[in-house]
Structures are given as structure tokens and as C-alpha cells.
Amino acid sequence: MIRFEPREPASLKRLILIPTIAAVTALILASIPIAAAGLSVFEAYWLMATGAFGSLFTFTEMLTRATPLILTGLAAALAFRAKLWNIGAEGQLYAGALAAVAVGSGWIDAPTYVLLPIVVFSGALAGGLVMLGPTLLKTRLGVDEVVTTLLLNFIIILFVQMMLEGPMKDPMGMGWPQSEPMLDAAALPKLLPRMRIHAGLIIALISALGIYILLKRTVWGFEIRAVGENANAARHAGVPVTGTFIKVGLLSGALAGLAGVGEVAGLKGYLTADLSPGFGYSGIVVAMLAGLSPIGVIFAALFIASIFVGADSMSRATGVSNYLADLIVAMSLICVLISGIFLRFKVRFIGRKSVEGAGK
Amino acid sequence: LAAEKPIKVAAIYTVPVEQQWVSRIHKALTAAKERGDVTYTFSENVANTDYERVMREYAEQGMDLVVGEAFAVERAARKVAAEYPDTAFLMGSSFGPSKPNFAVFDNFIHEPSYLTGMIAGAKTESNIIGMVGGYAIPEVNRLMNAFMEGALAVNPDVKFLVTFINSWYDPPKAKESAFAMIDKGADILYAERFGVSDAAKEKGILAIGNVIDTSADYPGTILASALWHMEPSIDKAIDAVLSDSFEASDYGPYSFMSYGGGSFVADEALAGAEAVAAAKETEAEILDGLFRVNINDSEPKSTM
Amino acid sequence: MNANPNDAPLVLKLDKITKRFGALTANGDVSLDLRQGEILALLGENGAGKTTLMNILFGHYVADEGTVEVPGTDGSLQQLEPGSPNAALEAGIGMVHQHFTLAENLSALENILLGTEALTSFKSSRAKARQKLESLMERSGLSVDLNARISDLSVGEKQRVEILKALYRDARVLVLDEPTAVLTPQESESLFSTLQKLASEGLGIIFISHKLDEVLSASHRIAVLRGGRKVSDQPTEGCNKRQLAELMVGKTVPESNRDSKEAGAPLFVLQNVSTGQGRDAITNIDLELLSGEILGIAGVSGNGQGTLAKLISGLATPQSGSIVLNGAPLTTASARQMIDAGIARIPEDRHKDGIVGPMTVAENLAIETIRKPENHRFGFLKFGAIAERAREAITSYDIRCQGDKAPARLLSGGNIQKIVLARTLDASPVVVLAAQPSRGLDVGATADVHRRLLEARARGAGVILISEDLDELMRLSDRIAVIHRGVLSEPEKTESVDRGTLGLRMAGQSKEQAA
Amino acid sequence: MSDIFDILLSINFWNAALRISTPLIFGVIGALVCERAGVLNLGIEGIFTAGAMAGWMAVWLGAGLWGGVLVAALAGAFFGLIHAILTVPLGLSQHVSGIGVTLFATALSYFTYRTALPDVSSPPRIEAFKAIDVPGLSDLPIVGPILFQQTPMTILALVIVAVTAFVLYRTPLGLAIRAVGDNPSAVESQGLSVYGLRIGAVVVGSSLMALGGAFLTMSAFDAFFFGMVNGRGWICIALTVFASWKPGKALIGALLFGAFDAFQVRLQTEIGTIIPGQIFLMLPYILSIAALVLVARKADYPRALLVPYFRGQR
Ligand SMILES: Nc1ncnc2c1ncn2[C@@H]1O[C@H](COP(=O)(O)OP(=O)(O)OP(=O)(O)O)[C@@H](O)[C@H]1O
Ligand SMILES: Nc1ncnc2c1ncn2[C@@H]1O[C@H](COP(=O)(O)OP(=O)(O)OP(=O)(O)O)[C@@H](O)[C@H]1O
Ligand SMILES: [Mg+2]
Ligand SMILES: [Mg+2]
């Protein structure tokens, strides 16, 4: 029989040790498919490590991939703190990207220091507004937001396709469903020459810090936590519950929208309907790995990004199917999730015998 | 300086290699590998976000030739190419080449598509042809338009039903769309996607193949097919790399029939000798440069 | 009172049970036995370990030390498999939990049948079950509509379903954890007469209660726990209230009583207030609260007092009528506006509406005033000030916890209530709404609550006391009104009403009929 | 307008509707069984993929069609068990575990397929289920041609709806499942195992989901493709809420969805030229949300859904 006894608070040593053990376990498990594909396990891991950290290029690539994950991770972490189950970061990301492209590809002509803030703000606003709908439906009509946000993802991606094939299609795009390119003035600056890493990372890190301070140190954060832990009691104590949900919804959507802004304004330069390989969904994973802690989100996003980039590169170097990367990410996720249990609980395995023995 | 055989080739696909389009490149490269001309590695299903990184990784690994599709990553792909001038890039693209090392290709098989249209136009009895496509992009549109033109050339009464399933892979969905067209009276289906010929076979009607030859999979169903062959383009590029003469040129024409990049096959037993003969005649004219099939990239629409 | 069945065979024996939660010893070396046909009352302060002990008995918890023994087939005592509710059920132990364990989406019959048939069977023989239950209900006097959905039943009815669940499984021991905490006086009386009847048929019964009157009148034997240890175990005959209270608390408990004092001017007025139709709705309620008085509202729960409390708490708005405090309109005020206007509200369900369990004691103490300047600067929390005030409250209200940073959910019911009292009453409110403020609290905590309410009254605040506990109402209130089916009677001076008529009027008889 | 009526009145249309809804019927019943026991299973999208791949692969390796169905169900059960262990005894967030299972099942299916078939330029085919033609029954008016021109898997889906409804409402097991989704302590206090029931329900529900995937590769089609599940799993999650967790309504919801899809495919060829195709594709999702808004107030939510149960935790 297994029994769980809550352990709080977890010591910093455990906070670091346990995820590490989990990551190692994951890598051990991942050696099964690696071996099945006929590779030498050690070589594969060496290639994986160099694939993510081996050079400045790979390292910045890893950071580039972590950037949207930090933002969607924050979107999920913040919403989940208030028990607002936002599964719609994917759609909000696209909405943010769409808005950024709409204002940043020639509609407004202004110098960078004017245009860039407008682009960033519109993207955030669009993401926030998308989340506002499900939030209002939840607070006013009691509609389950898990389902509405999930369905909105599909609606928005179809809407993006429609815009890209219609009004926002690039006339110079040879008929491909893609938007006009963003103006140079609307682009997020690159952080290093010849590398893809861009100022979206700075936005992501500042957001993480901001959300951390918001939750930990401010009245709003206090109210968000209260609503998330017990909305009835919060309401009774005079906390504006509906207002808090709306704030959280707007902010959460805005964070996901920022992820979209970063991808178009920092990376791609224009919008296509396959902008995101599921960053919105991965954000949920990131948030949970981080235990909904905003600072933890940064580490979790880096973890996921380095596993993915490393494994992807390893599969390329060895000629194994690159689905291996997804597989290793998924396995690591599950291991790290399980390890979370050991952080929150003392797990005791009790055999029937020992129970009786204890009675003597 | 000229490279030594086998040269190192890498391919980057945004979809799995089973996808018709990509399968043609994969096949040509696999053949080159088996000949011993190249070593060949590939990454499939690469997300657009990752495309640039993968290109750089291959370039860093010292590949001589990188083949891929730049369709949704044009700018990034060209930028990477510019930064690795010693690597040759041959990318599917709707745009032109970029100096010094970024060559482009595309599936210009509008000519055989026109010919399959002639066969279908002659064969249809209901005068309704159903066409199921993935997305309405130039690479799809131009083939559909050429097909429609070919059909109308031999049979002005023919009407078309056009549906896009907005997915590259959803055979069950493509099949449903095809069923819907059969319900509306279509007796020939233009099978741009996997799944359409299955519907045709199940309902006992005919289908037109596209890009790959699937007549063996659907015996008695495939009336004619417009085939794409990447071998001329790939072999040309390999030769260029070997002789150190790779240039930023447009490989699109190597998909034309005259280079053997496109071909037309018809099942004479199904299509009838007369129709096939007419198509063969036009084929000869195309090969002789006497007849030019229009390239029309606009979205085709239903005409009923 | 039946004679103590001293010589009847044992049906249960707890032997030297110890259970620790971390550093806390919830039960220390507790031994207890129960005989056939015996009613044992288990007394103890909040957090004394009563529920824990019963949970061990039922297999929800595993004891760290000690054993539970029940008679086997041959009648000799045998150890019960620890940690297995199933084994406990098999052994004929039935348990009615403090918080009901009923599936609300199922009917009463379905809840009773749950787990009594093999899960692999494809048939459910409801007709036979129904027959057995009909006869059980007749014998015990516990009647419920077996087809009713649990969510449609009143608290009393739900409890009857819980007891029927145990009886249906032919229980030999029945454990009830604070069964009367949520019952009306009438319901409590009928419960105890049922229990007497069941005991006389040979059932062994353990019940937990904080109400000394009912413990004295309904049990054969009384065991008292204090700090997890058994401090007394004796026949009920010869016990008295004062002595029991002292045993529980370990010292004498001062009883606060209302001094006579002239009430002041009208303070808080509800005029002709109605809400919509349905359960717990109210119609045309007029209420005038004077400053410096405690106005008691008696009623069986579900008759509109919940809605009334919601209105005054700012959680609902009336359909018609007005709410006015000192001339200022509050009809459509939100919870926050009610608080700001000086209305302190003590919720009926302190776990659900009173505290945010995972947040700290300090945070729970600050939550109502978090937007006040004393708690933040430009939206940033003043942690030092919040903690400082929390520590003051912890001392002055004697909140027993592991410091201001402890999560509030770990506190016992009485201490949770103290948090609510501290944060609401410290702001010197003009009106205090106290809904069932001592429900489930032990004598000590109850005395504390009463003292605080009387202090508020002495300060000149008006107090609305909603309660089902007639003793509490009679002792504290200056005037008492009765609420029934959403209609509130004219309040009367407490001196002019008597307990009996009050009970009848709560049950729906008119004043004339009752008198 | 008359065209629209023509469509709605044609047997082929209803045939298509039932065919399109079959995977959804499996999926929504599977999701319903999980959720009735209190566990949201967002692993559904990946479990669909795993069922599609495993079932197809088994047939391709020679297990026979029903062998394939069994293998698909086992694959679903395997991933269901992972989700169940993560969410029930370990009490992890059901959202995250579900999304994790979707990632894992999808990646494992793709990796396995690609490792087994590294060099195919065209996906291999199997001999898929054929429509059954029951002499006599097929000749019944309306019902005959709609019901008895379906493959056996469609009939199986309909049977499963009936069986699920029977088990849920008429057997002790169903009683326990409904109770554990509402209040686990009710179940525990009656001596039943909360964990056992929940794990069992998630495993069974997941194998039903996998059958939905298997339908795609073994009935609707005869080959496995990457990405072929294409959001069908997520739709089932929405349909479950739409159906207020009732099997009968779930069937109706899936059929409506199928009918709508069949209708939009047909309508698109008619007026596709005026309205962008995406509008049609969006409509089912928009209608689902509209339906949720209408039923939300009345919905009989399993109260313990998403809430992990720890024995004796305060
Ligand atoms: N997943 C993680 N991986 C590595 N380090 C982490 C992780 N999560 C948190 N940390 C570290 O733990 C510290 C505490 O994090 P943080 O204060 O955000 O969490 P918290 O204590 O839960 O706060 P809150 O109560 O606001 O959620 C951080 O500074 C960070 O360095
Ligand atoms: N699962 C648990 N984890 C940690 N502490 C617990 C747990 N259950 C009970 N406790 C603690 O054990 C002590 C005894 O609790 P118990 O519920 O048995 O008290 P009680 O006598 O029933 O009180 P009440 O009269 O309030 O119902 C309390 O201090 C309580 O906080
Ligand atoms: Mg208790
Ligand atoms: Mg209590």
C-alpha cells in the first residue's frame, strides 16, 4: 500500500535534487527507444548534450525555442493559479501573432520606438481579448472554460487561415497563404549577430519576473491566489471574484499573445498558419513542471527546450527518425511529473505486515 | 573546388516522407544514394520554427547539397544560404533563385495534368468531375487549373466540383469529400490527396492520379495520372555540385515534360483508345514546343 | 435512561491506539470499549482527536500503534485489518461521518445499495433491497423517500440515509460523528429516540458531540478525550455538565451571560425584502436592528435564513425592498461595500466561506482589509505590517496554530472560527451578522464566540444571530424572531418567549397554535 | 434551398453522417466513462493516434481485423493506465497528465511506425473492414440502407453506447462509477476502492477511445498516416460536456456533429465559392460552444471531476 503525507514546504535541496533524479530517470528510459533504433546510447546522449549546449549556436537556438515556451508557460501558470483552466494558449498565441502582423506590416508607418511598442501591445491585447470570451462565459453563464478555450484554438487557427488566404494574404507571396512581412521597424531586435535569438527572450524573462512579483507581492496577486484556492471564501471576504477572473484571463491571454508576437516579430517576420508547433499546449506542461511558479517556468521551459533541441539534433546526426525527439520530451515530462509527487508528499510504502508489526 | 563522390546530401521536409510531394524528392535522392553518387540523410516533419536551425545544422555538418522546401520559410532559408556560400541549396519555392547558392524548384507538372484533363473530359458521362485538394496554394491550383482546361478543351459541357479539405493529411476526410461529390453526380474524381481514389474505388467510379502512380493500388480505378519526377532536377544538381558549377538557378523547368520531370500515363483499357490517342498527340506537341499549357496559380472554383 | 448494559458482550475494543501527524499526536495511547446495546458518548475539545480515533476504527487511517478488535464468528475478539474500510464494514461497523459521504447525484436507495452488491454482477436487485429498507425504516422510525435524489434532501434526511446505510448492512456498531451539529432541536430529539430504540435492539453506538445536555440525556457512558489522550471514561449517571466541561478543557469554563442593558436607536433596517421563488427564498421580510442589541433569528435551516445571510453579506441582491444602515442605502451593495459600511459577517460554513485553506493564517486575517492602506503601498503588500497584526490577533484571540505562516486549513474548526472572528470584529463593526457561529465548536470555543458577540453588543454594535441552537439564542438574544418558509415573525423580547413554543414555531406552527 | 433539402433527405447523406460520427462515438463514450469516474482524459488525442497506429500495424503484421481491434484496445488501455496512475493514486493535475499522455502516445506511435517502416514512400495498405450487408435487414426502409451499409465497427460503436448506458444505469458497477465521480468518500465509506474504480474506468474508457482511432485506419481508411487524427479527440471532450455526461445524449451529439460535417462537405461544393471554406470548418466548433452556453446551467457535472482523492488527507 502506498500512502502520501503532505510535505510542506519542500526544501531547496529537494527542489533541485528530485527534478534532477527525474531527468536522469527519463534519460535512462529514453535509452530504450534509442537502443531499439540501433544506436549506441552513450554516443546518442553525447550528441544530445552537444546538440543543445555544444556551441554558441546550439545554445542560442535552445534559448530561442524556450522563449515562446516561457510565455505560454506563464500564461498557463497564472491562469491555473486562479483555477481558470486556460487550455487555449495556442489560439491566443495565434491571435497575438495575427494582431502583431496586422499592425506591423505596413498599416502603421512609424519609427521603431513607436511602432514596436504598438506591435507588442496589440499582440498582447489580442491574446487577452481572446481569453476574455471564455472568462466571461465562465463567470456569467458558468460555461466550462476547459472546453471553450480548447475549441477556440481551432476556431482561431481557422480564422488565421481565412485571413491569410483572404484579406491579409501577401500579394507578393505567390499565392501562398502567408501574411505580408513585418516592417523592419516592427521587428524585435536580435540579441546576437547571425543568431536567431531575439529580444522576445528579454520580454519573456521580464514577464516571468513581473508575474512573480504580481503574485507574491501585490494586492492583485493576493486576490488571485485567494480566488484560486477558495473562490467562495474570497467572495465572502469581499474579493471581487469576477473581476479577478477577468484580470487573470486578460493577462494570461496577453502572455500567450506575446509568445505569438515574439515568433512573428522576432523570428519569422511574417505569419503562416503553421507558426506554432504546439507551443500553447507545451506551455501547460511547462507550467505544471514548474509547479505553477513563475520563476520555475523559466527553468522548466529551458529544460523542455534543451531536451527537444538536443534530441532533435541527435536524431539528425545519427539518422534516426526525428520523432525520437518528441518521444524523449514526452518521457521526460512524465518522469518529471511523477517526481513532483515526491516534492509535495512524503510517500511511504507500507506493507500489511509492517502495519501489524507496528502495533506491537 | 570540385567535390568527390559520394557528395553529402541532406534533405529537410516539413511533412513525413510518405506525403506525395515529398516522396518524389525522397525517391530521387534515395536512387542517387543507391547509385553511390551521394550519401543521404533527411529530417522529416520539421516544424517551420525549427526549419532554419535544421538548415544551419546541416550546413555546419558540411553537407555539400541541402534539399528542401522553403515555402513557408522563404526569407530565413535564403538568409541561411547566404551565410553558407560553400553549401549548395536546392529548395522548393514559388519564388526565384537567390545568388549565389540558392536554387529553386517546383512541381511544374501542369502539362501532364492538362493531358489527364483531356482524358477525363472525354470519359465523363455525367459531365461532372469532382476535385478534392489539400490547400488552395499555387502548387495545387496550377495543376487543378491545367486539368480543368484540358477537360474543357475536349468537352465544353463538363462541370467541376472543387473542395479543399484544408489539411495535407486527412485521408478519411478527403474520402468523405469525395463521397459527397459522388453523391452529387461526379463520375470522375481528380485525386489531389490521398483518400480520393479510395472513395472512387469503393463506389466503382474512376479517378485521376496526381504526382505519383497509384494505379497498382487501385486496379481498375485510375484512369490517367500526371506524374512528377524529381530525378532530372536532383541529378542535375548533383552534377553541378560535383563539377563545382552549382548556381542559383531555377530548376523549375526540369519538372517540365521536355526534361522528363513530368510524365503522363493513361490506362487505355479504361480511357478508350481514341481519347488516349488525342492526349498523346497533344503530348507530342508539348514536347515539340508547339503547345504551351498555361500556368494559372489562382484558386479554382466549382463551376456548378 | 436504560440501565447500563454492563454485562453485555463486547462488540468493539480499541487497544492503546496512537496516531501521529508529523509532530502532532492526534491520539495517544487511547483504549476504549463498547458493549452490545450500549450508547457511548465521546467528548472532547476541537482537535482533541475524536474524529481521528473514529477514522482509525473505520479504516480511513492506519494507527501508528495499537489495535482495533471486534468479535469474530466464534464471538472471541479478533484484530481488525487496519486501513481497510471494507474490513470494518464486514465486521459490522457502520459510520456516519461528520461530513456526509453521500453521492449527491444518486438517489437515497442507490447510495444505500452502493457497494453492497458484487461489482461483477449484471443485475441489481432493487426490489428486495427496498423491502428490507421499508421494514428497517418502520422498525427504527427513520423514514426517507428512497427515490429522492440526495441533492434534494434536507440535512436531517441525509443523515437518516447515512444511518440507514449502516443498518442495511446489519451493523453491530454504529458510530456517529457530531450527528446533531447540523440538526434542529426536533430532529435531534427524534434522532436520539431512534438511537435509544436501536440500542435496545442490541446495537452498540458511539456518538461524538459537543452539546453536553444531549450527551447527558442520551448516553450510558461518557469518554472524554483531551489533547489526544483519554482523560475520563465513566457511566453517565453521576456526571454533570460543569465537571464534563472541566474534563474537556482542563480548566473551568466561564459562561458569559447577557447583562440587561437598554438597546439604542434603530441601526440597520430591512424593509419588505423579497427574493425569488425556490428553496430558501424569503418574502417580504421586515427587520429592524437596534444598536446595542442582539437579535436572534431562530429557524430550521433551509427556511430562508441562508438567503437572509447572503443578502446582508452582499452576496445576493433582493428582488424588491430595501436595506439601509444608519440611513445609507445598502440594497445593492457588494460584499466589499458591506464590509466597508461596517458590517461584519461570520459565515455559516466556515470551511467553505470563511477561510482560504491553503493560504496562511496571516493572509486569512488580512483578506477583508487587503485593499486598505494599512495593508499595501501602491498595490504592493506590506508584509511586515500584515504579519505584525496577525501576531497580535493570534495572541488576543488565542488562535492555536503553528504561527502566522501556517496554512489555515490545518487549524481545527474552533481556531478557524477564531480567525473569522478576529478579522471581522477587530474592525469595530457597527453591525455583526453571525450565522450559526458556534456550530460544531466545543464548549471552550463556543464560550469564546459568545463572549466576543456580547462584547460587540456592549460596544453598541447591533448583532444578528442566526442559530438553530435554542439555548444559545435564549442566552444571548435581547429579542428573538422566528423564520419559517421565508417569512420572518415580529421579534419578541426573549424574556417573553419560552423554549417549547419557540421549537414549535420553528417547525411551522403559528404563534397562537404554539402557545 | 431545394438543394439543401435534397442533401438532408438523401440516404447517402445519413450514411455519411453515421460513418463520420463513428470515431466520435467511440471517443465520446470513452471520455464519458473516464469523466463519470471523475477523471478528465485529455490524453484522448494521443490515444486515438495510438489506437489508429497499433490496430493498423497489428493487421498489417497479420493479426486479422478483429485481432487489430483487440490490439488497438490494448494500446488504449496501456496509455489509459499511465494516465490513471498519474492522476488517481498520484493525484497529478489531470490536464497536464492528459496532455503528457497525448504527447507520449503520439510520439511513441509515430516513432514506432517510422522505425518499423523507415523507407516507405507510400503508406502500406491493409484489407480494411467492409460494409456489412445483412440480407433482409439491409432491405428495411431507411434504417436498412443507413445502418446495414456500415462496417462492423460502426455497429460495434452503437452497441457500445447501449452497453455503456446499461452498465452505468442498471448495474452495481455503474452505480459505483457514478458515485465515485460525484463523491469519492461515499464510495470509500461503502467499502469500495476509489482508486480501483477510477483506474478501471480510465483504462476501459481509454481503450474505447483507441477504438475510435482504429476505426480511422481499419474502417474509414486502410492505411496509417501521420496526423490523421486531426483534432477528432478534442472534439470528443467538447461533446462529452455537450452531452451532460449521458450516453444517449453523447450518441446524439456525435451524430449531430457527423451530420453537420457531412453536410458542410456537401454544402461546400455548392456555395464554397462565396463563403471561405474555413467558415464551414469553424461552424462545428462555434456550434459546440453555443450548445455549451445553452446547456451549461443545467449540466449535471460530475462534482468530483478534476479533484484528486487522497485517502485521509485534510
Ligand atoms: N522547476 C524549477 N526548477 C529549478 N528551480 C526552480 C524551479 N521552480 C522553482 N525554482 C527555484 O525556486 C525558487 C522559488 O520559486 P518561487 O518563489 O517562484 O516559487 P514559490 O515559492 O512557489 O512562490 P509562490 O508561492 O509565489 O508560488 C526560485 O527562485 C527558483 O530558483
Ligand atoms: N490528515 C491530517 N493531517 C494532519 N493533521 C491532522 C489530520 N487529521 C487530523 N489532524 C489533526 O489532528 C488533530 C485531531 O483532529 P480531529 O479531527 O480528530 O479532532 P476532533 O476531536 O474531531 O475535532 P472537532 O471537534 O473539531 O471535530 C487536530 O489537531 C487536527 O488538526
Ligand atoms: Mg471531528
Ligand atoms: Mg468538528
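Note on naming: letters A, B, ... go to the chains in the order of the sequence lines (proteins, then strands), and numbering restarts at 1 for each one. As the structure is a prediction and not an experimental result, all values here were calculated from the model.
Looking at Arg371(C) and Pro240(A), their side chains come closer than 4.5 Å, going by heavy atoms from C-beta outward.
Trp220(A) contributes atom CH2, which lies 14.5 Å from atom CD1 of Ile370(C) (distance to the nearest 0.5 angstrom). Taking CD of Glu348(C) as the reference point, atom NE2 of His236(A) lies at 10.0 Å (rounded to 0.5 Å).
Of all heavy-atom pairs between Gly238(A) and Ala335(C), the closest is CA-CB, 3.8 Å. Nearest heavy atom pair, residue Lys216(A) against residue Leu381(C), reads O-CD1, 4.2 Å. The two residues Lys352(C) and Asn230(A) come nearest to each other via the heavy atoms O-ND2, 3.0 Å.
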Run the numbers on Phe380(C) and Val219(A) for side-chain contact (heavy atoms from CB on, under 4.5 Å), then give the verdict.
-> CA-CA 6 Å; Phe380(C) 287 90; Val219(A) 173; over 6 Å; no
When you look at His376(C) and Phe222(A), which way does the side-chain contact (heavy atoms from CB on, under 4.5 Å) test go after all the steps?
-> CA-CA 11 Å; His376(C) 71 93; Phe222(A) 182 100; over 6 Å; no
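At a 4.5 Å heavy-atom cutoff, Leu214(A) makes no contact with chain C through either its backbone or its side chain. With a 4.5 angstrom heavy-atom cutoff, Phe383(C) touches chain A only via side-chain atoms. Proximity to chain A (any heavy atom under 4.5 Å) is restricted, for Ile339(C), to the side chain, taken from C-beta onward.
Within 6.0 Å of CD on Gln402(C) lie no more than 12 heavy atoms contributed by other residues, nucleotides or ligands. Few gaps surround NZ on Lys372(C); more than 12 heavy atoms of other groups in view lie less than 6.0 Å from it. For Arg217(A), the CZ atom is loosely surrounded, since the number of other residues' heavy atoms within 6.0 Å does not exceed 12.
Using non-hydrogen atoms only and a strict 4.5 Å limit, no part of residues 429-437 of chain C faces chain A.
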Enumerate donor-acceptor pairs with a distance under 3.5 Å from any side-chain N or O in residues 356-369 of chain C to protein atoms, sequence neighbours excluded.
| residue | atom | partner | partner atom | Å |
| --- | --- | --- | --- | --- |
| Thr360(C) | OG1 | Glu363(C) | N | 3.1 |
| Thr360(C) | OG1 | Glu363(C) | OE1 | 3.4 |
| Glu363(C) | OE1 | Thr360(C) | N | 3.1 |
| Glu363(C) | OE2 | Arg225(A) | NH1 | 2.9 |
| Glu363(C) | OE2 | Arg225(A) | NH2 | 3.3 |
| Asn364(C) | OD1 | Val356(C) | N | 2.8 |
| Asn364(C) | ND2 | Val356(C) | O | 3.1 |
| Asn364(C) | ND2 | Met359(C) | O | 3.3 |
| Asn364(C) | ND2 | Thr360(C) | O | 3.1 |
| Glu368(C) | OE2 | Arg423(C) | NE | 3.4 |
| Thr369(C) | OG1 | Ala366(C) | O | 3.3 |
| Thr369(C) | OG1 | Asn375(C) | ND2 | 3.0 |

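When Lys310(C), Arg350(C), Arg345(C) are compared by the number of non-hydrogen pairs under 4.5 Å with chain A, Arg345(C) comes out ahead.
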